Amino acid sequence: MLRIANALEAQLRAAMQRAFPEQAAAVEAAGQRFDPQLAPASKPEFGDFQANGALPLAKPLGQAPRAIAAAIVEQLAGDPGFAELCLEPLIAGPGFINLTLRPERLASEVQARLDDPRLGVPEAGSASPVVVDFSSPNIAKEMHVGHLRSTIIGDCLARVLEFRGHGVLRLNHVGDWGTQFGMLITHLKQVAPQALDTADAVDLGDLVAFYRQAKARFDDDEAFQTTSRDEVVRLQSGDPVSLRAWGLLCDQSRREFQVIYDRLDIRLQERGESFYNPYLADVVADLDGSGLLVTDDGARCVFLEGVSGKEGKPLPVIVQKRDGGFNYATTDLAAIRYRLASPPAGDGARRLIYVTDAGQAAHFAGVFQVARRAGWVPAEAQLEHVPFGLVQGDDGKKLKTRSGDTVRLRDLLDEAVERAEADLRRRLADEDRQEEEAFIQHVSTTVGIAAVKYADLSTNRITNYQFSFDRMLALSGNTAPYLLYAVVRIAGIARKGGAQAVEGGSAFTAGEGLVFSEPQEWALIRELLKLDAVIAEVEEELLPNRLCSYLFELSQVFNRFYDQVPVLKADEPARSSRLALCRLTADTLKLGLGLLGIPTLERM
RNA sequence: GGGGCUGUAGCUCAGCCGGAUAGAGCGACGGUUUCCUAAACCGUAGGUCGUGGGUUCGAGUCCCGCCAGCCCCGCCA
């Protein structure tokens with residue numbers, strides 16, 4: 001309904017200008033325009049939209065706000081375009097103008113969406129790609145809860161942007177470079193040298209253990225620290241032995257990551273920190289050339305403007321360590337430069353989205369500032385850190401296993417699927433239903449993974465997120481199972497609705513004259529038509545929970561409709577019209593859930 | 001010490017550019033099944049929006065102070 005909203009806004013503004021020409025001239029002289037303050041109606045009884053623009057005019061015009069509203073409404077009455085869209089406007093409260101769309105307009109909007117694979121969401125062709133940087137686990141470690149949110153949120157944002165027609169580079173900025181590697185290789189040389197020249201000589205679990213040992217040694221053994229740092233320098237300067245060892249470790253981890261990504265149906269292009277190695281020296285040279293670089297205590301850094309640390313001293317971003325090595329800030333700067341640079345020397349992107357935890361906010365603010373001051377960021381480019389909060393357990397503390405370890409992602413997904421399966425089997429037994437084993441596995445997997453994803457996406461990402469299997473797998477409430485069930489109900493109607501195939505939605509005929517009468521039908525229609533605005537909002541604000549809320553509300557409205565209005569037993573033309581609504585609801589839920597990375601089911 | 005985020009119903013959370021009587025879900029309590037999957041639906045109860053000021057026609061939302069929790073603050077990422 002974005003198109004209608006835009007039309008209404010223009011009509012309202014024109015009406016305001018006609019009603020108050022002198023004030024309009026003054027406003028325009030100041031380089032501004034009247035703002036009708038058009039918004040969706042805050043309650044259904046107020047209609048479809050409300051315009052609040054009369055209220056702020058009360059003071060400058062010296063008139064009562066309701067009188068101003070009345071004058072605007074009077075002008076609207078003379079606009080045939082408006083009359084075509086809306087019923088008679090109503091003035092309410094202190095001076096709100098409530099607008100209700102003509103039922104036939106709503107019906108024709110529904111009609112238009114029935115044959116539209118994009119369901120009314122416009123395609124924004126964009127010249128330059130958007131980078132979504134997400135997931136980013138570390139080589140030689142297993143993926144754990146810490147990677148959950150970035151992976152799921154990043155994938156969802158990428159899907160939304162792709163659907164909107166943007167070219168999206170889904171980049172996995174894996175930790176495959178840096179001090180940690182020096183540590184690990186040094187340690188392996190001493191305790192398990194075979195791991196450094198033979199593929200899969202040790203399994204990943206062992207590698208993780210070695211990593212832990214290496215980290216422990218690094219933390220309290222100065223000699224080991226020095227050797228490790230030397231090893232990093234060797235690696236970064238291309239020593240063949242180090243490189244081979246590094247390559248083997250990466251391959252092994254990569255295969256392991258892929259298992260998780262396959263389970264989650266997530267597509268990613270790996271471009272780890274090592275990719276930027278050839279560009280690091282240039283970054284430092286470039287910063288030096290633009291006079292931003294300062295050597296402080298042996299380290300080369302850029303001091304930030306407007307950010308002071310201890311004792312009021314400006315905070316530095318260190319780009320080259322005292323030992324000559326580069327660090328993550330250097331890599332991130334190189335990445336920004338590369339992503340913004342024109343092809344073939346770069347990606348030519350104009351929007352960079354970083355999905356990482358909120359703890360890195362200061363780091364990204366610093367790095368973004370340096371990139372801007374270095375002149376690498378074109379005026380129209382957007383650099384966005386998309387932060388998210390911690391995953392917490394029921395106790396409100398960082399999620400851990402009972403023994404206090406970090407929770408591995410594969411274990412977490414396993415448990416979700418196992419619980420979904422146990423639930424399903426219990427229900428089958430209760431209902432005396434018989435199902436194939438393959439059906440049980442498919443439903444359990446789909447529901448379990450969907451529950452994990454949806455629970456994460458449905459809360460505002462900025463706040464910490466309290467992880468709970470019981471809540472996410474609940475069959476009612478704002479959960480994946482509830483939404484999946486709504487789709488299943490519609491699929492049930494389609495199955496019983498006749499011999500028509502379900503594929504392509506052809507079970508329901510689009511029909512010419514849609515006829516609606518029940519309030520539940522109108523409520524469903526109004527909800528269905530909000531999709532385009534919701535997608536636009538997610539694209540702009542990068543908040544997947546807005547899409548979740550919408551899908552949940554749509555499911556609720558549908559369930560009310562389903563409960564209170566017969567579909568298959570209705571007489572024509574209501575039957576076809578209701579079938580059309582069912583089809584559009586199913587398509588909308590499938591599309592929306594698809595954008596969340598969640599596949600739907602026909603039966604469950 | 002400096003900076004950031006958070007604080008809304010018993011619990012988990014929404015709340016869009018400042019807009020009408022602050023909304024969901026769960027849990028609690030009460031109801032609904034001859035009918036397309038009841039994994040549903042309907043209803044009731046439940047609030048000093050952390051706190052004190054300020055801005056204005058209007059503040060959960062913006063500004064300032066304070067309190068509480070979490071996170072970050074030079075050579076880890």
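Throughout, a chain's letter reflects where its sequence line sits, starting with A, and its residues are numbered from 1. No experiment lies behind these values; they were computed from the predicted model shown.
The distance from atom CG of A/Asp456 to atom C1' of B/U12 is 14 Å, rounded to the nearest whole Å. One interatomic measurement links the two molecules: CD of A/Glu45 to P of B/A20, which rounds to 12 Å at whole-angstrom precision. The distance between atom CD of A/Glu537 and atom P of B/A14, rounded to the nearest whole Å, is 14 Å. Rounded to a whole Å, the CD atom of A/Glu518 is 19 Å from the P atom of B/C41. As a whole-Å value, the separation of A/Leu280 CG from B/A77 P is 11 Å.
Within the 4.0 angstrom heavy-atom criterion, base atoms lie near A/Ala92. Here A/Asn327 lies in heavy-atom contact (under 4.0 Å) with sugar-phosphate atoms only. Contact annotation for A/Asn545: backbone-only contact, meaning every heavy-atom pair under 4.0 Å involves sugar-phosphate atoms and none involves a base. Using a 4.0 Å heavy-atom cutoff across all strands shown, A/Pro481 reaches no nucleic acid atom at all. Among the protein residues, A/Asn460 comes within range of the sugar-phosphate backbone only, with heavy atoms under 4.0 Å from sugar or phosphate atoms but none that close to a base. Counting non-hydrogen atoms under 4.0 angstrom, A/Arg489 reaches the backbone sugars and phosphates but no base. Nucleic acid contact for A/Gly175: none, since no nucleic acid atom lies under 4.0 Å from a heavy atom of the residue.
At distances below 3.5 Å, at least one donor-acceptor pair connects side-chain atoms of A/Ser253 with backbone N or O atoms of A/Ala140. A donor-acceptor contact shorter than 3.5 Å is absent between the side chain of A/Glu9 and the backbone of A/Leu38. For A/Thr330 (side chain) and A/Val319 (main-chain N/O), a donor-acceptor pair under 3.5 Å exists by modelled atom type.
Aromatic ring pairs are classed by plane angle as parallel below 30°, tilted from 30° to 60° and perpendicular above 60°; the pair A/His187 and A/Phe224 is perpendicular.
Here, B/C42 and B/C57 have their C1' atoms 40 Å apart, quoted to the whole Å. Nucleotides B/G15 and B/U8, compared at atom C1', are 9 Å apart to the nearest Å. Between the P atoms of B/C66 and B/G4, the separation comes to 13 Å (whole Å). Comparing B/G18 with B/G1, their C1' atoms sit 35 Å apart, to the nearest whole Å.
Along RNA chain B, the nucleotide closest to A/Gly477 and the one closest to A/Gly298 are compared, and the more 5′ of them pairs with A/Gly477. Comparing A/Glu541 and A/Ser555 against RNA chain B, the residue whose closest nucleotide sits nearer the 5' end is A/Glu541.
Ring stacking holds between A/Phe46 and B/A20, with the centres under 5.5 Å apart and the planes within 30 degrees of each other.
Searching all strands for a Watson-Crick or G-U wobble partner of B/C13 with both distances below 3.5 Å returns B/G23. Of the nucleotides present, B/U44 is the one that pairs with B/A28 by Watson-Crick or G-U wobble criteria, both distances under 3.5 Å. Base-pair partner of B/C36: not found among the strands shown (Watson-Crick or G-U wobble, both distances under 3.5 Å). With a cut-off of 3.5 Å on both pairing distances, the Watson-Crick or G-U wobble partner of B/G65 is B/U51.
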Taking only N/O atoms, report every protein-nucleotides 42-45 of chain B pair under 3.5 Å with atom names and distance.
from  : atom 1 : to       : atom 2 : distance (Å)
B/C42 : OP1    : A/Arg560 : NE     : 2.5

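Counting only heavy atoms from C-beta on, A/Glu273 has its side chain closest to B/A77 among B/A77, B/A14, B/C76. Proximity note for A/Lys43 (side chain, C-beta onward) versus B/A14, B/C36, B/G23: the nearest is B/G23. With B/U12, B/G19, B/C41 as the candidates, the nucleotide lying closest to the side chain of A/Arg471 is B/U12.
Donor-acceptor pairing under 3.5 Å is lacking for the side chains of A/Ser274 and A/Asn277.
The two atoms that bring A/Ile139 and A/Asp176 nearest to each other are CG1-CB, 3.5 Å, heavy atoms only.
Among pairs with a residue in residues 550-559 of chain A, those fulfilling side chain to side chain donor-acceptor pair (under 3.5 Å) read A/Tyr482-A/Asn559, A/Arg489-A/Asn559, at least two apart in sequence or across chains.
Taking 4.5 Å as the limit, some side-chain heavy atom of A/Ile462 sits within range of a side-chain heavy atom of A/Pro387.
Aromatic ring centres of A/Phe326 and A/Tyr276 lie farther apart than the 6.0 Å criterion allows.
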